[in-house]
2 protein chains.
Amino acid sequence: MAEQRIRVVLVDDHPVVRAGVRALVDAQDDLDVVGEAADSAQAVAVVGETTPDVVLMDLSLGDGPGGAETTRLVRELPSPPQVLVLTTYDTEADVLEAVDAGAAGYLLKDAPPDELFRAIRGTARGETVLAPSVATRLLQRAASPTPKVSPREVEILRLLAKGLGNKEMARELLVSEATVKSHLSHIYTKLGVDTRAGAVATAIERRILRP
Amino acid sequence: MAEQRIRVVLVDDHPVVRAGVRALVDAQDDLDVVGEAADSAQAVAVVGETTPDVVLMDLSLGDGPGGAETTRLVRELPSPPQVLVLTTYDTEADVLEAVDAGAAGYLLKDAPPDELFRAIRGTARGETVLAPSVATRLLQRAASPTPKVSPREVEILRLLAKGLGNKEMARELLVSEATVKSHLSHIYTKLGVDTRAGAVATAIERRILRP
DNA sequence: CCAGGCATCATCCGATCGGCTATCCGGAGT
DNA sequence: ACTCCGGATAGCCGATCGGATGATGCCTGG
């Protein structure tokens, strides 16, 4: 049958991973790897030239714009491809950011090849494909919405990570110590922790703070 | 020429990565992938059967024993292979642990294929091969008086990041609270901080802890 | 053989933290 | 108009932390 082959572009900064996905995907009759990119700029260029059906997108692209931002960029091109995120992590922030950026699917790199193929085909058909672990996580979050941390609270977290005490933060932010304590309490509640150390760790994990 | 081909076994829990490395390595005249393993047990079995020259070892193998422990195991086999660690991270603790376990080299997965091939050949010849970034990091540590954090102290840091109190850590680690405090004091000194929050932030920044 | 790092434990004490309860103000949304 | 929320402030109190000091046993490397 003269079915149209599904045209795929790979975006990943790891040559090894690109080679792996290419080897696996190209071995499928109905799938074609028509381009590769190692960073955001290359990705936009290659997608623009090849107008693929599906882009396999890694989220961590080394320096420069990450996979989420790149997803946004390629989705803004004329006749945009579906984007299937294929990455190592399933940090909630990552997933949400990617989906928000217009990703149609989210797979983890430890997925068996079969699952990858099915995901590509599904994504090409416009379906939304989520890895089981990711789906589970998302449902959890949907049930209990992640409270957003206010700008002021982020300030506090920054100083917290520098190891400042309440008194010092108060001086730094030109407010009273009571205010700092108040903010901290709110932070604890929002992040689901009850110590400064836990808050810092969670904030970094949630990408509220940059390591 | 009838040079002996270098026989390679891959150990990685990601099918995609195995496929990638296999595709790249098998395309080289002098390199042969003679086996793959997805976890520690498989690795030991496959290495025992195939007696390869070089094992490419991922450090994170999902559940069960990690790459470092697995390295130790395969190095204890009769006529042990050289082990070349090929992983995503370059946490100092990981590097040291792997080297201590008998690894002959340490490469990052974002290395270009050429570098990978050179590393495999070098390792097979018994050379020690370190990725530039890893080598740099090691030298930095060697030059600057970065006190190394002991394994036990890393344990403490891990629990610290989870927001545990001294009492809870003590219970968790089956030691007295006094011991925990002692470790903490040492950690503070080594990391140049004086609070738990600062310790966590610095530990993550220094890649002693993974976010 | 001995220094030195690691891991363990103990006490003391002042400083700090975290929870609780309340109040006040101003802007955004209903 | 009224409510909700972020931000700021206050006081109280018990629990915890961090620093200082000192000691023991083990192992490793010079």
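Chain A is the first sequence line, chain B the second, and so forth, proteins listed ahead of strands; every chain is numbered from 1.
- Contact annotation for B/S182: base contact, defined as any heavy-atom pair under 4.0 Å involving a base atom.
- Nearest nucleotide to the B/H183 side chain, out of D/dG7, C/dG19, C/dT8: C/dT8.
- Remark: B/V175, B/S176 in residues 169-177 of chain B come within less than 4.0 Å of DNA chain C through at least one heavy atom.
- Distance, B/R196 CZ to D/dA15 C1': 12 Å, rounded to whole Å.
- Under the 3.5 Å distance criterion, with hydrogens and angles disregarded, no donor-acceptor pair is assigned to the side chains of B/S182 and B/T179.
- With C/dC9, D/dG18, C/dG19 as the choices, the nucleotide that has an atom nearest any side-chain atom of B/Y188 turns out to be D/dG18.
- Listed candidates were D/dT16, C/dG18, D/dT9. Nearest to the side chain of B/K167 is D/dT16.
- The distance between atom NE2 of B/H186 and atom C1' of D/dG18, rounded to the nearest whole Å, is 13 Å.
- Between the side chains of B/E205 and B/T202, not a single donor N or O lies within less than 3.5 Å of an accepting N or O.
- To the nearest angstrom, C1' of C/dC17 lies 14 Å from CD1 of A/I187.
- In this structure, the nucleotide among D/dG7, C/dG18, C/dT8 sitting nearest to the side chain of A/R152 is D/dG7.
- The distance between atom CG of A/L184 and atom P of D/dG6, rounded to the nearest whole Å, is 15 Å.
- The backbone N or O of B/S185 lies less than 3.5 Å from a partner atom in the side chain of B/T189, making a donor-acceptor pair.
- Rounded to an integer number of Å, the gap from B/N166 CG to C/dC17 P is 15 Å.
- When atom types are taken as modelled, the side chain of B/R75 and the backbone of B/A101 share no donor-acceptor pair closer than 3.5 angstrom.
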Check the pair B/R125 / B/D53 against salt bridge (charged side-chain N to carboxylate O under 4.0 Å, His left out), numbers first and verdict last. CA-CA 9 Å; B/R125 283 193 301 269; B/D53 301 300; over 6 Å; no

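- Going from atom CG of A/D194 over to atom C1' of C/dC20 covers 15 Å, rounded to whole Å.
- Note: CD1 (A/I156) to C1' (D/dG6) measures 13 Å, nearest angstrom.
- Distance from the side chain of B/S150 is smallest to C/dA7 among D/dC12, C/dA7, C/dC12.
- Just one residue in the list B/D13, B/T71, B/T70 forms a side chain to side chain donor-acceptor pair (under 3.5 Å) with B/S40, and that residue is B/T70.
- Taking atom NZ on A/K181 and atom P on D/dC13, their separation rounds to 13 Å, with Å as the unit.
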Go through it in stages, so that I can follow the logic: the residues are B/R171 and B/E168, the test is salt bridge (charged side-chain N to carboxylate O under 4.0 Å, His left out), and I'd like the CA-CA distance, side-chain angles, deciding distance and then a yes or no. CA-CA 5 Å; B/R171 224 176 299 130; B/E168 298 167 296; 5.7 Å; no

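- Comparing C/dC6, C/dC9, D/dT9 by their closest approach to the side chain of A/T179 singles out D/dT9.
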